[in-house]
Amino acid sequence: MSNKILFKSLASACFAASLTACGSNNISTEIDPTSDLKVKPYQTDALAGYKLTWSDEFSGNAVDEIKWHYRLDCKHWSQQKAENNTVSGGLLRIHLRKETVECPQNHWLQPGQQEGDEPAGVVQYTGGGIISNKLFRYGYYEARLKTPKGAGWHTSFWMMKDLTVDKDPSDLEFDPLASKDITSHIELDPFENDSIDPQHYQTDAHQWKPEPGTEDPGRTQNKVGTKQIRFTDDTVFTDFHVYGLEFTPTHLRYFFDGKMVSETEFPASKYKHNDINIWLTGLGTFLGNTKAIDDSMLPEQIQVDYVRFFEKQFD
């Protein structure tokens, strides 16, 4: 048994036996009972004052549907399926598979098709993802995860309000951003990787549907602080690493294994901050100039060790 699983087992037993005996009689039910209540953001002194207020250590044997619901859309080269998200061995496992699924509304060309071809109406792959039921705002978001081997998969740890909760998320005719009731909508991206390159990822932020006249030139959005992060040593994302994002009323700060790798101004007065969900997703894609999915590596998995959210008082 690994040290991690041993700690989770002991912590869970302690929680079940007596909260008081474990040194706490006021634990939030939003914190995973196997979390260390004194845990701090990973290996950094730059985030003093933060306290754990929500977590999932994936220590059970199924996705905790009190905390999460599923990404179920059909996008790019894959259909996202609920059953492709499992929990075992202390990990969330997002399964990536080669299987044919009808997707008549998918308008993206599939591998092997050429420009000018009619969309195939089917996809040859399935992915998955989970979305937090809870909405968040300011604080520090952290996840430890590893990406799949083999080209063709987009892995992301990101935040955006899920606008499909009351709609059919597989209905591509439904565009939540087309609603006249939505005038500003932010997306935060502490980690986006295309598996064709296991040493590169991107961080950025978006404001969708900004006030008319405030958009980036030639865009219908504002894209803020985009940074390409590339390693030339032996760092690969197919090993476990810790990704973090500090979201404050004025700034975004991005972290990799406890080191700040990017910082950008993102003031609420300009970008109209809103509450956001946490997303962990994996889908088949042409992004990263990917020509095809590497079938020889399938089935594969994205593995997530934990997700944690920390808060502190902002002035």
Side-chain angles (χ1 to χ4, degrees), residues 71-78 80 103-110 115-116 118-119 123 127 129 131-132 135-138 141 154-194 200-229 245 247-254 262-290:
R71 178 173 182 168
L72 299 173
D73 62 336
C74 187
K75 186 174 183 179
H76 294 189
W77 291 347
S78 66
Q80 282 52 256
C103 188
Q105 294 175 330
N106 190 332
H107 61 271
W108 287 280
L109 296 178
Q110 300 302 298
E115 289 293 334
E118 287 292 322
V123 292
I131 307 165
S132 70
L135 287 164
F136 301 85
R137 182 76 69 97
Y138 302 126
Y141 301 77
H154 183 76
T155 301
S156 52
F157 166 48
W158 59 296
M159 297 88 205
M160 185 176 73
K161 186 174 183 179
D162 181 12
L163 299 174
T164 68
V165 170
D166 297 323
K167 299 287 185 177
D168 178 359
S170 65
D171 181 4
L172 296 184
E173 295 300 316
F174 170 62
D175 179 5
L177 290 175
S179 170
K180 294 180 180 179
D181 296 331
I182 299 171
T183 56
S184 179
H185 188 68
I186 63 169
E187 173 186 341
L188 309 179
D189 299 311
F191 178 72
E192 291 188 286
N193 166 256
D194 298 310
H200 164 265
Y201 76 98
Q202 177 173 296
T203 64
D204 62 9
H206 307 257
Q207 181 194 26
W208 300 100
K209 296 192 72 176
E211 294 181 12
T214 68
E215 309 95 331
D216 289 342
R219 294 180 180 268
T220 58
Q221 60 159 306
N222 287 313
K223 196 170 184 180
V224 185
T226 302
K227 185 171 182 179
Q228 309 302 324
I229 298 172
L245 169 66
F247 178 26
T248 80
T250 59
H251 285 77
L252 298 170
R253 298 180 179 92
Y254 301 87
S262 182
E263 179 177 15
T264 187
E265 293 183 357
F266 194 69
S269 58
K270 180 176 181 179
Y271 295 109
K272 314 302 181 187
H273 299 169
N274 55 266
D275 292 342
I276 48 182
N277 300 94
I278 297 172
W279 301 57
L280 296 161
T281 57
L283 56 90
T285 187
F286 49 80
L287 295 175
N289 198 30
T290 303

J.: Do F286 and W108 make a side-chain contact, defined as non-hydrogen atoms from C-beta onward lying under 4.5 Å apart?
T.: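 A side-chain contact under 4.5 Å exists here.
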J.: Got F157 and Y141 here, is their nearest side-chain heavy-atom distance under 4.5 Å?
T.: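 Yes, at least one pair of side-chain atoms sits under 4.5 Å.
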J.: Starting at NZ of K209, measure out to NZ of K272 and round the result to the nearest 0.5 Å.
T.: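 Rounded to the nearest 0.5 Å, the NZ-NZ separation comes out at 15.5 Å.
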J.: To check you understand the geometry: which heavy-atom pair defines the closest contact between Y138 and H273, and what is its length?
T.: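 Answer, listing the atom of Y138 first, then H273: OH-ND1, 2.8 Å.
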J.: Tell me, do P119 and N106 make a side-chain contact under 4.5 Å, heavy atoms counted?
T.: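 When only atoms from C-beta onward are counted, N106 and P119 do not touch, as no gap falls below 4.5 Å.
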J.: So do the side chains of N277 and D162 get within less than 4.5 Å of each other, counting heavy atoms only?
T.: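 Touching, per the 4.5 Å side-chain cut-off.
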J.: Quick one about E187 and W208 (side-chain donor to acceptor, distance below 3.5 Å, no hydrogens or angles considered), yes or no?
T.: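 Looking only at side-chain atoms, E187 and W208 do form a donor-acceptor pair, the distance falling under 3.5 Å.
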J.: Any chance you could lay out the side-chain contact (heavy atoms from CB on, under 4.5 Å) test for F266 and L252, step after step, and finish with the verdict?
T.: CA-CA 6 Å; F266 194 69; L252 298 170; 3.7 Å; yes
J.: Verify side-chain contact (heavy atoms from CB on, under 4.5 Å) between F136 and I278, making sure each step is shown before the conclusion.
T.: CA-CA 8 Å; F136 301 85; I278 297 172; 3.6 Å; yes
J.: Working to the nearest 0.5 Å, report the span between OG of S78 and CG of D73.
T.: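 With rounding to 0.5 Å, OG (S78) is 7.5 Å from CG (D73).
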J.: Within the structure provided, determine whether T203 and K227 are in side-chain contact (heavy-atom separation under 4.5 Å).
T.: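 A side-chain contact under 4.5 Å exists here.
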J.: Output the distance between atom NZ (K161) and atom CG (D275), rounded to the nearest 0.5 Å.
T.: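 Between K161 NZ and D275 CG, I get 6.5 Å after rounding to 0.5 Å.
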J.: Please tell me if the side chains of T248 and R253 come closer than 4.5 Å, counting only heavy atoms from C-beta onward.
T.: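 They are in side-chain contact.
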J.: Evaluate R71 against T281 for side-chain contact (heavy atoms from CB on, under 4.5 Å), listing each step before the verdict.
T.: CA-CA 8 Å; R71 178 173 182 168; T281 57; 3.5 Å; yes
J.: As a test of understanding, state which of R137, M159, H185 forms a side chain to side chain contact (heavy atoms under 4.5 Å, CB included) with I276.
T.: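 Checked R137, M159, H185 against I276; only one passes side chain to side chain contact (heavy atoms under 4.5 Å, CB included): M159.
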J.: Quick check: does any side chain N or O of D189 sit under 3.5 Å from a backbone N or O of Q202, one acting as donor and the other as acceptor?
T.: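 Side chain of D189 to backbone of Q202, a donor-acceptor pair under 3.5 Å: no, none is there.
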J.: Mind listing the closest non-hydrogen atom pair of D204 and E192 along with its distance?
T.: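 Nearest heavy atoms, D204 then E192: OD1-OE1, 3.8 Å.
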J.: Is a donor from one side chain sitting under 3.5 angstrom from an acceptor on the other, for S156 and W158?
T.: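 Side-chain D/A pair, S156 to W158: present.
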J.: Kindly compute the distance separating CD (Q110) from NE2 (H76), expressed to the nearest 0.5 Å.
T.: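 Here the rounded value is 10.0 Å.
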J.: Just checking E265: does its CD atom have more than 12 heavy atoms from other residues, nucleotides or ligands closer to it than 6.0 angstrom?
T.: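 Incorrect, the count does not exceed 12.
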J.: Would a 4.5 Å heavy-atom cut-off, applied to side chains only, mark D194 and T285 as touching?
T.: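 Side-chain contact under 4.5 Å: yes.
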J.: Given side chains that start at C-beta, do those of Y254 and I229 come closer than 4.5 Å, heavy atoms only?
T.: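 In short, these two side chains do not touch, never coming nearer than 4.5 Å.
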J.: Does Q228 have more than 12 heavy atoms from other residues, nucleotides or ligands lying within 6.0 Å of its CD?
T.: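 Counting neighbours around CD of Q228, more than 12 heavy atoms of other residues, nucleotides or ligands fall under 6.0 Å, so yes.
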J.: Cut-off 3.5 Å, no hydrogens considered: what does the side-chain donor-acceptor table look like for residues 213-225, sequence neighbours left out?
T.:
| unit_1 | atom_1 | unit_2 | atom_2 | d |
| --- | --- | --- | --- | --- |
| T214 | OG1 | E211 | N | 3.4 |
| T214 | OG1 | E211 | O | 2.6 |
| E215 | OE1 | G213 | N | 2.8 |
| D216 | OD2 | K223 | N | 2.7 |
| Q221 | OE1 | H206 | ND1 | 2.7 |
| N222 | OD1 | D216 | N | 2.9 |
| N222 | ND2 | Q207 | OE1 | 2.9 |
| N222 | ND2 | T214 | O | 3.2 |

J.: Identify the heavy atoms of Y271 and S184 that sit nearest to each other, and give their distance.
T.: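 Closest pair (atom of Y271, atom of S184, distance): O-OG, 3.6 Å.
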J.: Take L109 and E115 through the side-chain contact (heavy atoms from CB on, under 4.5 Å) test and state the conclusion after the steps.
T.: CA-CA 8 Å; L109 296 178; E115 289 293 334; 4.2 Å; yes
